[in-house]
A.B. asks: 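Following this message is one structure expressed as C-alpha cells.
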Amino acid sequence: MRRELLIVVLFVVALRLPFLNQAIQGDDVYYLYGAQHAQIDPLHPLHARYVFLGQMVDMRGHPHPPLNSWYLGLLLRMFKDVHEIPFHAAYILFSLIAALSALSLAHRFSPYPLSATLLFLATPAFVINGNSLEADLPFLAFWLLSIALFVGAVQRHSLQRLIGASLAMALAAMAAYQAVILTPILLIYAWRWGRMWRAAWIAPLTAPVILIAWQIYERMSSGSLPAQVLAGYMQTYGLQAFEPKIRNAVALTGHLAWVVFPGLWISSLWTIPAAIGAAFYDVNPLFWASIAIGVGILVWCARNWRDFLVQWVLIFFAGALVLFFAGSARYLLPIALPIAILATQRVSRRWQKIGFAVSIVLGLGLAIVNYQHWDGYRRFARALQNDVATKRVWINGEWGLRYYMESEGALPLLAGQAVHPGELVVSSALCLPIQFTAGGGVLAPIAERTIRSSIPLRIVALNGKSAYSTTAFGLRPFDVSLAPIDLVRADLVVEHKPALADLPMNSPEAEQQIVSGVYQLESGQWRWMSQTAVILLKPPAQAAPLVVRFTIPDPAPARRVTLELNNQRVASQTYASPGAYTLSSPPLRPSGASATLTITVDRTFSVPGDHRQLGIILSEAGFR
C-alpha cells in the first residue's frame, strides 16, 4: 500500500508540474470575479456582478456555490494578485485528494487497485481540467473523498469516518449543486451493507441539507435565493430548452466512451446498431464510434445494474442528463473512477496497460493543445500593453482573452454599445463575441494573431465540431484537425463621415452609420433595435422629411415611437396595435457634415434564449 501511495502521488505531481504556468482559461475568469469580491465581502463572494455576453449579470445565478471562489479568494489574499504558477500549484491539492480517495476505493472494489487508479488518473478530462481554476477538481476531490470515507465507515461501523464523510459531502455540496446525487448513491450502499446502522442512513442527506441551509442563509442575508436567480438565467438563456438538453445527452453519451480507452468496451455487441444510428447525425467516424461505444457502456451497465459501481454510474449519468445543458466532458469526472474499476474487472492486465497508455497520450496531447490555446491569448494581450496604456480599449470576448485584456486595463463591451473613433476593440472569432457598432467610424485592424497548434487534436476551434467544453461548437468528444484554433485581432475605430442620407438597414454602409442600439441584420432586410437607437445620416442637399420605416411585431409591447434629430424632437406617434408603419417629420435640412438621428420607443421585451432588449424592427431610416 505504501508503494502504491508513492506511485500515485508521484504520478499526480508529474502530471501537474508541466502545466503550472497554464494561462487563465475558460470559466476561470468568473470564479476570479467571485474571489475578488470575497476580498470586500468574504461571506458573500457570489454577490459579484460582471458583464457576460454583453449583459450585466449577478453571480448569485452562477451554477456553482461559493467554495471555489472562497479558495481562490484565500489565494488572492495570500499572493496579493493572480499568479498562474502558485495558484495552479495550490490546486494540485485537489488532484491528490481525488487520487488517494480513488486508490482507497479501488482497493475495495478492484482486483487491480493500482491499475484502476492509474486508469482513472489518465482520464483525458482529469488530465486537462485538472490544470484549470474551475470548480471541477475541488468538487471531484470531495465527491470521491466522501464516498471513500463513507464506504470505509459502513464497512467498519466507524462513527469517526462517517463524520469525516459528512464533512467531505458538505464541501462537495458547496462546490457544485450536483453533489445532491451523492444522496441516492450512498443510500443504496447503506441499504446493501449498513442497513442496521441508523447513522449510515442519516449521513447521505448531508449534501441537500447543506445546500438548503446555504439557500436560506442567502435569502435571509441578501433577499434572494441563488437557486431562484440561477433559474431565471436558465430561462433567459434557454439553457433548459428541449434542443440543448438533447444535445447535452448526445454529447455526454459520446464522452462516456472516452472516460477510459474505448477499446476496453468495444466488445459490446450493442455498438453496432448504435453506430448505425449515430451515423445519421454526423458522418465523422470519431463521432459515431464514440456514440456507439457510449451506448454500449450504458446497455452493459443496465444489464448488470445490481453491481454498486454500475448503480453509481447509472444514477449519476441520469442526473447529468437532467441537471446539465452544455454536454461537457468534465461533467462525467465523478463516474470516471467506477468506470475505470469496472474496466479492470472485465479486461486483462495487458488491455489495462494499453488503455492507460492510449488515454494518457490522448489526454496529454489535448492538454498541450489547450495550453497553447490559452497561452495565445496571454501573449496577444501582453503585446498590446502600450496600446492599452494610451487608448480606451474594449474587449469583445470571454474566457482567458477577457481576463488578460482586463488585466491590462481593457473594459468589457456591452451589447449594442457604441465604440467611438480613437478607441480600440479586441475581438476573438471564437470566444463568444457580441455585435457592436463603430459609431461614426470604421474598424481599422492594427494587430492580428492566429492561434494554432501542430498537434492534430482540438478541444475547441474555429469551424470545429467538438463538444469537449460545450455543445455550442458541435457534438464530437474532440476533433482531429490542424485547423486554426482562433483568430484574435485588435481594431482601431477611425472616424468616418456618413455616406448616405437615406439608410436602408441592409445597406453595406449601415454598419458604419449605426452608432448604437441597433442589432445585427436579419433575413437580409431588417434589424431589431433596443429602446434607443442612434444613427448617423448625411444631411440632404435640400430640405427633406426625416422618414423611419418600421414594424411593431405581435409580441412587442412598444406603442410610442419618437424621432430626434441632433437632440431636437422632430416627430412622435402612438400606435394602437402591431403592424408596419412609417413615421416622418416636416422637411428638415441640418447643418454640418453629419446629422444624428435618435429613435426611441416606450417599452421593450425579451424572449427566452435571447438576452437582448427588443423594441421594434427597423427597415429604413433617413431623409427622403
Side-chain angles (χ1 to χ4, degrees), residues 8-42 45-46 48 50 59 62 64-101 121 125-142 145 171-172 174-176 330 333 363-364 366-383 385 398-410:
V8 168
V9 169
L10 291 177
F11 182 82
V12 169
V13 172
L15 198 62
R16 299 294 178 231
L17 284 180
F19 299 96
L20 284 184
N21 197 33
Q22 174 84 46
I24 301 302
Q25 59 181 298
D27 291 345
D28 288 0
V29 60
Y30 311 124
Y31 291 104
L32 288 170
Y33 288 144
Q36 292 165 0
H37 191 79
Q39 308 305 305
I40 58 173
D41 189 1
L46 298 192
Y50 56 84
M59 198 175 179
H62 195 270
H64 286 275
L67 179 71
N68 196 47
S69 288
W70 271 328
Y71 190 69
L72 284 170
L74 177 62
L75 296 177
L76 194 57
R77 184 66 175 262
M78 292 170 57
F79 296 104
K80 309 303 181 185
D81 201 352
V82 177
H83 301 285
E84 291 91 336
I85 292 177
F87 273 47
H88 286 298
Y91 268 69
I92 295 177
L93 171 66
F94 300 115
S95 294
L96 289 172
I97 293 173
L100 297 179
S101 301
L121 297 177
F126 183 87
V127 176
I128 300 163
N129 289 87
N131 301 315
S132 81
L133 303 179
E134 297 177 2
D136 304 294
L137 257 292
F139 169 67
L140 177 67
F142 295 120
L145 180 61
L171 291 170
M174 293 305 289
R330 66 183 188 273
L333 277 171
L364 288 173
L366 288 168
I368 293 170
V369 172
N370 189 56
Y371 184 98
Q372 294 169 334
H373 177 187
W374 305 109
D375 186 56
Y377 295 151
R378 179 166 55 187
R379 292 174 180 271
F380 188 72
R382 288 174 178 171
Q385 285 177 333
E398 301 291 331
W399 310 333
L401 179 63
R402 165 86 164 269
Y403 169 79
Y404 285 107
M405 289 308 306
E406 285 188 339
S407 297
E408 298 296 338

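Note that this is a predicted model, so its numbers are computed, not measured.
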A.B. asks: Could you go through the side-chain contact (heavy atoms from CB on, under 4.5 Å) check for V9 and L100 one step at a time?
C.D. replies: CA-CA 8 Å; V9 169; L100 297 179; 4.1 Å; yes

A.B. asks: Could I get the full list of side chain to side chain contact (heavy atoms under 4.5 Å, CB included) partners for A89, not counting sequence neighbours?
C.D. replies: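 For A89 the side chain to side chain contact (heavy atoms under 4.5 Å, CB included) partners, ignoring immediate neighbours, are L20.
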
A.B. asks: Looking only at heavy atoms, which two atoms of D375 and A23 are closest? And how far apart?
C.D. replies: N-CB, 3.9 Å

A.B. asks: Without hydrogens or angle criteria, can the side chains of Q22 and Y91 be said to hold a donor-acceptor pair below 3.5 Å?
C.D. replies: no

A.B. asks: Going by salt bridge (Lys or Arg N to Asp or Glu O under 4.0 Å), name the pairs with one or both residues in residues 132-142, residues two or more places apart or in two chains.
C.D. replies: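 Those involving residues 132-142 are E134-R330, D136-R330.
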
A.B. asks: Kindly say whether G73 contributes a backbone atom to a donor-acceptor pair with the side chain of Q39 at under 3.5 angstrom?
C.D. replies: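 Looks like yes, one N/O pair under 3.5 Å.
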
A.B. asks: Which heavy-atom pair separates F87 from V82 by the least distance, and what is that distance?
C.D. replies: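 Result for this residue pair: CZ-CA, 4.0 Å.
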
A.B. asks: Are Y371 and N21 side-chain neighbours, meaning at least one heavy-atom pair lies under 4.5 Å?
C.D. replies: yes

A.B. asks: Which label fits H373 and Y377: parallel for a plane angle under 30°, tilted from 30 to 60°, or perpendicular past 60°?
C.D. replies: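 The rings of H373 and Y377 stand perpendicular, inter-plane angle above 60°.
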
A.B. asks: Any sub-3.5 Å donor-acceptor pair from N68's side-chain atoms to L133's backbone N or O?
C.D. replies: yes

A.B. asks: List the steps, then state whether side-chain contact (heavy atoms from CB on, under 4.5 Å) holds for N370 with L366.
C.D. replies: CA-CA 6 Å; N370 189 56; L366 288 168; over 6 Å; no

A.B. asks: Would you name the heavy atoms of S69 and G34 that are closest together and state the gap between them?
C.D. replies: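 Of all heavy-atom pairs spanning S69 and G34, the closest is OG-CA, 3.8 Å.
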
A.B. asks: Apply side-chain contact (heavy atoms from CB on, under 4.5 Å) to the pair H62 and Y31, showing each step before the final yes or no.
C.D. replies: CA-CA 9 Å; H62 195 270; Y31 291 104; 3.5 Å; yes

A.B. asks: Please enumerate all residues that pass side chain to side chain contact (heavy atoms under 4.5 Å, CB included) together with A176, with sequence neighbours excluded.
C.D. replies: H64, F139, Q178

A.B. asks: Could you go through L137 and L140, starting from their C-alpha distance and side-chain angles, then the distance that decides it, and tell me whether this counts as side-chain contact (heavy atoms from CB on, under 4.5 Å)?
C.D. replies: CA-CA 5 Å; L137 257 292; L140 177 67; 4.2 Å; yes

A.B. asks: Please report the shortest heavy-atom distance between Y404 and I24, naming the atom on each side.
C.D. replies: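 In terms of heavy atoms, the two residues are closest at OH-N, 2.8 Å.
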
A.B. asks: Locate the shortest heavy-atom distance separating G400 from W374; write the atom from each residue and the value.
C.D. replies: N-CZ3, 3.7 Å

A.B. asks: Ignoring hydrogens and geometry, is there a side-chain-to-backbone donor-acceptor pair from E398 to V29 under 3.5 Å?
C.D. replies: no

A.B. asks: So which heavy atom on S95 is nearest to which on V12, and how close?
C.D. replies: CB-CG1, 3.6 Å

